> 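Structure in structure tokens, see below.
Being a predicted model, the structure only gives us computed values, none of them experimental. Position 1 is the first residue of the sequence; numbering continues from there. All values below were derived from every heavy atom in this structure, side-chain atoms included, with hydrogens, water molecules and symmetry-related copies excluded.
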Amino acid sequence: MRDAYHEELDSIGESLVEMARLVGSAIGRATTSMLDADLKLAESVIAADRKIDDLQHDLEARAIALLARQQPVATDLRIVVTSLRMSADLERAGDLAQHVAKLARLRFPDRAVPQDLHATILEMGQLAQRLMAKAAQVIITKDVDLALQLEQDDDAMDLLHRTLFQHLMDDRWKHGIETAVDVTLLGRYYERFADHAVSVAKRVVYLVTGEHADDLQQPTPAEGD
């Protein structure tokens with residue numbers, strides 16, 4: 001019975017990794033669909049979000065069943081509860097990738113992103129995909145140091161987000177209000193996607209250490225302070 005219990009815990013972890021990989025692929029493909037005005041690719045991203053949702057619902061059902069049957073305590077309880085929260089983060093990240101694809105579909109056959117912002121949005125999409133790939137690796141390895149790096153990596157996304165706003169606020173902006181709204185939404189989608197990847201990594205830190213990542217990253221008081 002205990003072997004089956006721990007196999008189920010391992011299975012929940014494997015589902016989280018699968019979700020993270022699907023979500024990372026989704027944001028990459030959604031970005032391509034938007035920059036290339038590829039309607040077929042956008043539709044495939046939108047349809048594929050159902051699999052992410054199904055995985056999340058299945059994981060949630062299994063986790064709740066484990067709580068009811070096994071009444072885990074200590075580390076095992078932390079695994080189950082943290083896994084539920086991570087699955088919610090991943091599902092929301094998947095929704096954000098879907099939002100990007102839906103914007104591509106809405107503007108087809110035109111492109112939502114003007115050419116002068118193409119490189120910035122491409123970089124945001126690639127960075128989002130890398131962050132989620134690293135979050136998946138953190139789930140697999142339980143590497144606390146790697147998990148803590150994600151927040152630093154996210155600084156690059158914040159910088160790109162600010163770059164978008166600088167373009168929008170520039171007096172030379174010539175692409176109109178509708179495009180400005182599209183770009184504003186896209187910037188928000190990528191920023192929030194990255195935040196969910198960081199959140200997953202932080203939850204792994206808590207899972208491993210029992211401490212919150214923000215507490216572990218508090219600067220040590222200088223000697224004599």
Side-chain angles (χ1 to χ4, degrees), residues 12 14-61 63 83-114 117-139 150 153-154 156-158 160-161 164 178-203:
I12 287 173
E14 290 166 4
S15 293
L16 288 170
V17 173
E18 184 179 2
M19 285 185 72
R21 287 174 173 165
L22 287 172
V23 166
S25 174
I27 196 67
R29 292 184 300 117
T31 301
T32 300
S33 75
M34 183 183 51
L35 294 177
D36 294 349
D38 188 330
L39 180 61
K40 184 176 179 180
L41 184 57
E43 294 283 12
S44 75
V45 174
I46 294 164
D49 187 61
R50 178 63 181 270
K51 183 174 182 180
I52 296 168
D53 292 344
D54 288 345
L55 277 169
Q56 198 262 341
H57 295 154
D58 178 66
L59 186 153
E60 187 177 77
S83 295
L84 283 167
R85 291 173 175 167
M86 284 193 284
S87 74
D89 276 315
L90 293 168
E91 190 274 332
R92 289 176 190 135
D95 286 345
L96 291 163
Q98 187 186 52
H99 291 340
V100 173
K102 284 183 175 179
L103 184 56
R105 182 176 66 181
L106 177 66
R107 298 303 176 213
F108 180 83
D110 297 323
R111 288 173 168 81
V113 178
L117 288 179
H118 191 288
T120 302
I121 292 294
L122 177 61
E123 190 174 354
M124 292 182 87
Q126 291 174 339
L127 178 57
Q129 194 167 4
R130 289 197 303 273
L131 284 167
M132 192 56 73
K134 188 175 282 190
Q137 189 65 21
V138 167
I139 296 170
L150 255 80
D153 295 340
D154 183 48
M157 184 66 82
D158 293 337
L160 288 166
H161 194 208
L164 279 185
E178 183 178 86
T179 301
V181 172
D182 287 347
V183 170
T184 300
L185 288 172
L186 284 171
R188 182 61 174 162
Y189 295 155
Y190 287 115
E191 184 209 22
R192 290 296 300 139
F193 186 98
D195 287 345
H196 285 302
V198 171
S199 179
V200 168
K202 284 183 173 183
R203 296 191 195 284

> Does the side chain of I27 reach to within under 4.5 Å of the side chain of L96, using non-hydrogen atoms?
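Answer no - side chains too far apart.
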> How long is the span from the CD atom in Q126 to the OH atom in Y190, to the nearest 0.5 Å?
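Between atom CD of Q126 and atom OH of Y190 there are 10.0 Å.
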> Heavy atoms only: give me the nearest A112-L103 pair and the separation to one decimal.
CB-CG, 4.1 Å
> Between D89 and S199, which heavy-atom pair has the shortest distance, and what is it?
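Result for this residue pair: OD2-OG, 2.8 Å.
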> Going from CG on L164 to CE on M124, what distance comes out if it is rounded to the nearest 0.5 angstrom?
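Here the rounded value is 5.0 Å.
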> Locate the shortest heavy-atom distance separating A128 from M157; write the atom from each residue and the value.
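Taking every non-hydrogen atom into account, N-CE, 3.7 Å.
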> Do E91 and D95 have side chains that get closer than 4.5 Å, going by heavy atoms?
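Touching, per the 4.5 Å side-chain cut-off.
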> With rounding to the nearest 0.5 Å, note down the distance linking OG in S83 to CG in L16.
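Here the interatomic distance stands at 5.0 Å.
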> Taking the side chain as every heavy atom from C-beta outward, state whether I52 and L90 have any pair of such atoms under 4.5 Å apart.
no
> Ignoring hydrogens, what is the shortest heavy-atom contact between I139 and V200? Give both atom names and the distance.
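Minimum heavy-atom contact is CD1-CG1, 3.8 Å.
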> Is it the case that atom CZ in R85 sees more than 12 heavy atoms from other parts of the structure closer than 6.0 Å?
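Open.
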> Do I12 and S87 come close enough that some side-chain heavy atom pair is under 4.5 Å?
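Side chain of I12 against side chain of S87, heavy atoms only: no contact under 4.5 Å found.
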> Kindly say whether L22 contributes a backbone atom to a donor-acceptor pair with the side chain of S25 at under 3.5 angstrom?
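Not at all, since once roles are kept as given, no pair shorter than 3.5 Å links the two residues.
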> Could you give the distance from CG (L150) to CE (M132), rounded to the nearest 0.5 Å?
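Rounded to the nearest 0.5 Å, the CG-CE separation comes to 9.0 Å.
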> Looking only at heavy atoms, which two atoms of R111 and L35 are closest? And how far apart?
NE-O, 2.7 Å
> Quick one: does M34's side chain get under 4.5 Å of L186's, heavy atoms only?
yes
> Looking at every heavy atom in both V45 and A97, which two are closest together, and how far apart are they?
CG1-O, 4.1 Å
> Are D54 and R50 close enough for a salt bridge, meaning some N to O gap below 4.0 Å?
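R50 and D54: salt-bridged.
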> With a 4.0 Å cut-off on N to O distance, would you call E43 and K40 a salt bridge?
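K40 and E43: not salt-bridged.
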> The test is side-chain contact (heavy atoms from CB on, under 4.5 Å); show your working for Q129 and T31 and say whether it passes.
CA-CA 10 Å; Q129 194 167 4; T31 301; over 6 Å; no
> Could you give the distance from CG (L131) to NE2 (H196), rounded to the nearest 0.5 Å?
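Rounded to the nearest 0.5 Å, the CG-NE2 separation comes out at 13.0 Å.
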> Hey, does F193 have a side-chain heavy atom less than 4.5 Å from the side chain of V23?
yes
> Does D53 offer a backbone N or O that forms a donor-acceptor pair with the side chain of H57 under 3.5 Å?
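Between the backbone of D53 and the side chain of H57 there is a qualifying donor-acceptor contact (under 3.5 Å).
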> Does D195 pair with R192 as a salt bridge, N-O distance under 4.0 Å?
yes
> Mind checking whether R188 and H99 have side chains closer than 4.5 Å, heavy atoms only?
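No - every pair of side-chain heavy atoms lies 4.5 Å or more apart.
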> For the backbone of A180 and the side chain of T184, can you confirm whether one donor and one acceptor N or O come within less than 3.5 Å of each other?
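It does hold such a pair.
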> For D158 and E191, what are the C-alpha separation, side-chain angles and deciding distance, and is it a side-chain contact (heavy atoms from CB on, under 4.5 Å)?
CA-CA 7 Å; D158 293 337; E191 184 209 22; 4.1 Å; yes
> Would the distance check show the side chain of S44 and the main-chain N or O of L41 forming a donor-acceptor pair, the cut-off being under 3.5 Å?
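Confirmed, S44 side chain pairs with L41 backbone.
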> Would you say that T32 contacts D38 through its side chain, given a criterion of any heavy-atom pair below 4.5 Å between the two side chains?
no
> Roughly how far apart are K202 NZ and M86 CE, rounded to 0.5 Å?
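Here the rounded value is 14.5 Å.
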